[in-house]
Amino acid sequence: MADETMQPEIAQGREIEVTFDTGLCIHSRFCVLQAPDVFKANTPGQWIFPDRMSAPALAAVARNCPSGAITYRAGDKRLDEADPPVNTIRLRQDGPYAVNAQIEIVGHEIEGAVRRRTLCRCGASANKPFCDGSHARIGFQATGEPETQPYDSLDPRDDLLTITPMKDGPLEVCGAAELVSGTGRTFAKTRHALLCRCGGSSAKPFCDGTHALNGFTDRTGYQRPEPPAPNVVIPNLAEWAGGRAMLKALTVAFYSKVPDDPLLAPVFAQMDRRHAEHVADFLAEVFGGPPLYSSEGGSHIGMIVKHLGREITEAQRARWVELMIETADEVGLPDDRAFRDAFVAYLEWGSKLAVINSAPGIEKPEGEWPMPKWGWGACRGPTNADA
C-alpha cells in the first residue's frame with residue numbers, strides 16, 4: 001500500500017516544497033517533460049530542484065501528475081491545489097484509471113486530501129489497488145475510447161468520491177463521477193458503478209463478473225495453485241451446492257420469509273408466484289449449471305429490467321445478503337470456506353449491481369448481454385478427491 005508504507009522524497013525550495021512518492025509513480029513522464037530543469041530523472045542523489053522554476057509554474061506541473069506521486073506545498077497559499085470542480089475517471093489506453101476528485105479509497109486512509117490517483121485495471125499490479133506499471137509488462141490491452149452511453153447530468157459534480165476495492169473483485173465507485181476517454185470525451189456519468197480491475201471483463205470498464213472465473217485476487221503474496229492433474233474433476237459451484245434442487249430449496253425458503261421482513265417486503269410486494277423458482281434457475285446457470293433460465297427465455301438484460309426503477313437502498317441490499325446467508329445455513333448449503341467465499345462474493349456483487357440498476361434514470365440496456373458466469377475465483381475449489 002503505497003500511501004501507507006513508502007517513504008516519500010521531499011525537496012525543499014525557497015518558495016515551494018515538492019514531495020515525490022515513488023510507490024505511486026506510473027512513469028507518465030509529465031514531470032520530466034514539462035519541467036526538465038526541475039526533475040532530473042536517473043540522476044544519482046538529489047534529482048529534484050524546485051528553485052529552477054517559478055513556484056506557480058511548478059505547482060501547475062505537479063497538478064498534472066495523474067497518479068498523485070508528485071505533490072507540493074507552497075508558501076503562497078493561493079497556489080494550494082483545490083478540489084476539482086468535476087470528478088473524473090479517465091481511461092488510459094492499455095493502462096490504468098486516472099482519478100481526479102476528492103478521493104477516499106476505503107482501506108487506504110492517509111493524512112491530508114487526496115485528489116489524484118491511478119488505479120490498476122489490468123489485474124497484475126503488485127501494489128493493488130494502485131497501478132505500478134504492470135500493464136506494460138504483461139502487454140495489457142484495453143481501449144481508452146469506449147462507446148458513449150446514455151447518461152443524465154450530475155448535480156453536484158464534485159462531491160466526495162468513495163472507492164472501495166471489493167475483495168477479489170471490482171472497484172465500487174460511489175459518488176458523482178464522469179468517465180472520460182483518453183481523448184477527453186465523456187462517455188458515461190454515474191453515481192454508483194462497479195469498475196473492472198481483473199483485466200478480463202468483456203464490458204470494460206465495467207465489471208461483468210469475470211474476476212470470479214479468471215483467478216483474480218487482491219491478496220498480497222498470493223500464488224495461484226498448480227493446475228490439477230488431467231484426471232481430476234473440479235465441480236462447478238452449482239454442483240457443489242447440491243444442484244438445482246438445493247438452490248431451489250434455498251430460494252423457496254428465502255422468499256417465504258420476505259413478506260414478513262420489514263426491509264425486504266416492499267421490494268418484493270409484486271413478486272410473481274414463480275419468482276423463487278426463476279431465481280433458482282438463474283443462480284444454477286450463473287454457478288455453472290445447465291442453462292435452464294436462458295433456455296426458457298430468461299436473460300441477463302431481463303434480470304436487469306426486473307430491478308429498473310425500484311430504487312433499492314443499501315440497507316435493503318445488505319439485509320438481502322444477510323438473509324440469504326442465514327437461509328443457506330438453514331437449508332444446508334455447503335459451509336466449507338472455498339464455497340462460502342465464492343457464494344458470498346456473488347451475493348455481494350450481484351446485490352450491488354441490483355442497487356445500481358434500480359437507481360432513478362437507469363434505462364434498459366441495449367443489445368445482448370451474456371449471462372454472468374461465477375466460479376471458484378482465486379480459490380481453485382474442491383476436487384473429486386474431496387467430494
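Computed from a predicted model, the values in this text were never measured in an experiment. We count residues from 1, following the sequence as given.
The heavy-atom pair separating S125 from S134 by the smallest distance is CA-OG, 3.8 Å. Of all non-hydrogen atoms in V32 and A41, the two that sit nearest each other are CG1-CB, 3.8 Å. Of all non-hydrogen atoms in G68 and R117, the two that sit nearest each other are CA-NH1, 3.8 Å. Between P129 and I105, the closest heavy-atom pair is CG-CG2, 4.2 Å. In this structure, P85 and D158 approach most closely via the heavy-atom pair O-CB, 3.2 Å. Listed here is the closest heavy atom pair of A177 and V173: CB-CG1, 4.5 Å.
Screening residues 346-364 for salt bridge (Lys or Arg N to Asp or Glu O under 4.0 Å) gives E172-K352, R317-E348 as the qualifying pairs, with residues at least two apart or on separate chains. Contacts classified as salt bridge (Lys or Arg N to Asp or Glu O under 4.0 Å) and involving residues 138-154 (residues at least two apart or in different chains) are given here: E145-R185. The stretch residues 265-274 participates, sequence neighbours left out, in these salt bridge (Lys or Arg N to Asp or Glu O under 4.0 Å) pairs: R274-E277.
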Ignoring hydrogens and angles, write down the donor-acceptor pairs under 3.5 Å from the side chains of residues 252-267, residues two or more places apart or on other chains.
unit_1: Y255; atom_1: OH; unit_2: H275; atom_2: NE2; d: 3.4
unit_1: S256; atom_1: OG; unit_2: A253; atom_2: O; d: 2.6
unit_1: K257; atom_1: NZ; unit_2: T327; atom_2: OG1; d: 3.1
unit_1: K257; atom_1: NZ; unit_2: E330; atom_2: OE1; d: 2.6
unit_1: K257; atom_1: NZ; unit_2: E330; atom_2: OE2; d: 3.1
unit_1: D261; atom_1: OD1; unit_2: L263; atom_2: N; d: 3.1
unit_1: D261; atom_1: OD1; unit_2: L264; atom_2: N; d: 3.1
unit_1: D261; atom_1: OD2; unit_2: R319; atom_2: NE; d: 2.7
unit_1: D261; atom_1: OD2; unit_2: R319; atom_2: NH2; d: 3.0

Would you list the atom pairs, donor with acceptor, under 3.5 Å between side chains in residues 280-299 and any protein atom, with sequence neighbours excluded?
unit_1: D281; atom_1: OD1; unit_2: R244; atom_2: NE; d: 2.6
unit_1: D281; atom_1: OD1; unit_2: R244; atom_2: NH2; d: 3.1
unit_1: E285; atom_1: OE1; unit_2: Y293; atom_2: N; d: 3.2
unit_1: E285; atom_1: OE1; unit_2: S294; atom_2: N; d: 3.0
unit_1: E285; atom_1: OE1; unit_2: S294; atom_2: OG; d: 3.2
unit_1: E285; atom_1: OE2; unit_2: S294; atom_2: OG; d: 2.7
unit_1: S295; atom_1: OG; unit_2: P291; atom_2: O; d: 2.9
unit_1: S295; atom_1: OG; unit_2: L292; atom_2: O; d: 3.0
unit_1: S299; atom_1: OG; unit_2: G302; atom_2: N; d: 2.8

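With sequence neighbours excluded, the residues satisfying side-chain hydrogen bond (donor to acceptor under 3.5 Å, both in side chains) with D76 are R78. Residues that satisfy the salt bridge (Lys or Arg N to Asp or Glu O under 4.0 Å) test with R14, not counting sequence neighbours, are D51. Residues meeting the salt bridge (Lys or Arg N to Asp or Glu O under 4.0 Å) test with R121, sequence neighbours left out: none. A search for salt bridge (Lys or Arg N to Asp or Glu O under 4.0 Å) contacts involving D132 returns nothing, not counting sequence neighbours. For D329, the salt bridge (Lys or Arg N to Asp or Glu O under 4.0 Å) partners two or more places apart in sequence, or in a different chain, are R340. Under the rule for a ring-ring contact (aromatic ring centres under 6.0 Å, His included), H278 has no partner lying at least two apart in sequence or in another chain.
Between the side chain of S67 and the main chain of L24, a donor-acceptor pair closer than 3.5 Å is present. Remark: side-chain polar atoms of N87 are paired, donor with acceptor, to backbone N or O of D159 under 3.5 angstrom. Using a distance-only test at 3.5 Å, with no hydrogens or angles considered, no donor-acceptor pair links the side chain of D83 to the main chain of A101. Checking side-chain atoms of Q34 against main-chain N and O of C31 turns up no donor-acceptor pair under 3.5 Å. A donor-acceptor pair under 3.5 Å is absent between the side-chain atoms of E178 and the main chain of K189, judged by distance alone. Formation of a donor-acceptor pair under 3.5 Å by the R115 side chain with backbone atoms of E81 is found in this model. With W240 contributing its side chain and F339 its backbone, the two residues share no donor-acceptor pair below 3.5 Å. T251 places a side-chain N or O within 3.5 Å of a backbone atom of A276 that can act as its donor or acceptor partner. Between the side chain of N100 and the backbone N or O of T88 there is no donor-acceptor pair closer than 3.5 Å. A donor-acceptor pair under 3.5 Å is absent between the side-chain atoms of T164 and the main chain of M166, judged by distance alone.
At least one side-chain heavy atom of I325 sits less than 4.5 Å from a side-chain heavy atom of V344. You'll find the side chain of L250 reaches within 4.5 Å of the side chain of M324, heavy atoms only. Annotation: side chain of E104 is in contact with side chain of L160 (closest heavy-atom distance under 4.5 Å). Two residues are said to be in side-chain contact when any heavy atoms from C-beta on lie closer than 4.5 Å; P66 and S28 meet this criterion. Considering only heavy atoms from C-beta on, I70 comes within 4.5 Å of V18 through its side chain. C174 is listed as a side-chain neighbour of H192, based on a closest heavy-atom distance under 4.5 Å. The closest side-chain heavy-atom distance from F206 to L179 is below 4.5 Å.
Few gaps surround CZ on R52; more than 12 heavy atoms of other groups in view lie less than 6.0 Å from it. Within a 6.0 Å sphere centred on CD of Q46, other residues, nucleotides and ligands contribute more than 12 heavy atoms.
Its side chain within the 4.5 Å cluster rule, F140 clusters with I138 among the Ile, Leu, Val, Met, Phe, Trp and Tyr residues.
The structure places CH2 of W349 at 15.0 Å from CG of D168, a figure rounded to the nearest 0.5 Å.
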Q: Please step through side-chain contact (heavy atoms from CB on, under 4.5 Å) for the pair L194 and L171, ending with a clear verdict.
A: CA-CA 6 Å; L194 300 180; L171 296 171; over 6 Å; no

Q: Could you check Y151 against T190 for side-chain contact (heavy atoms from CB on, under 4.5 Å), going step by step and ending with a plain yes or no?
A: CA-CA 8 Å; Y151 55 75; T190 181; over 6 Å; no

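In this structure, D208 does not pair ionically with K373, as no charged nitrogen and carboxylate oxygen lie closer than 4.0 Å.
A ring-ring contact (aromatic ring centres under 6.0 Å, His included) with F20 holds for exactly one of W47, F39, Y72; it is W47.
Hydrophobic clustering (side-chain heavy atoms under 4.5 Å, transitive across Ile, Leu, Val, Met, Phe, Trp, Tyr) keeps F187 apart from V86.
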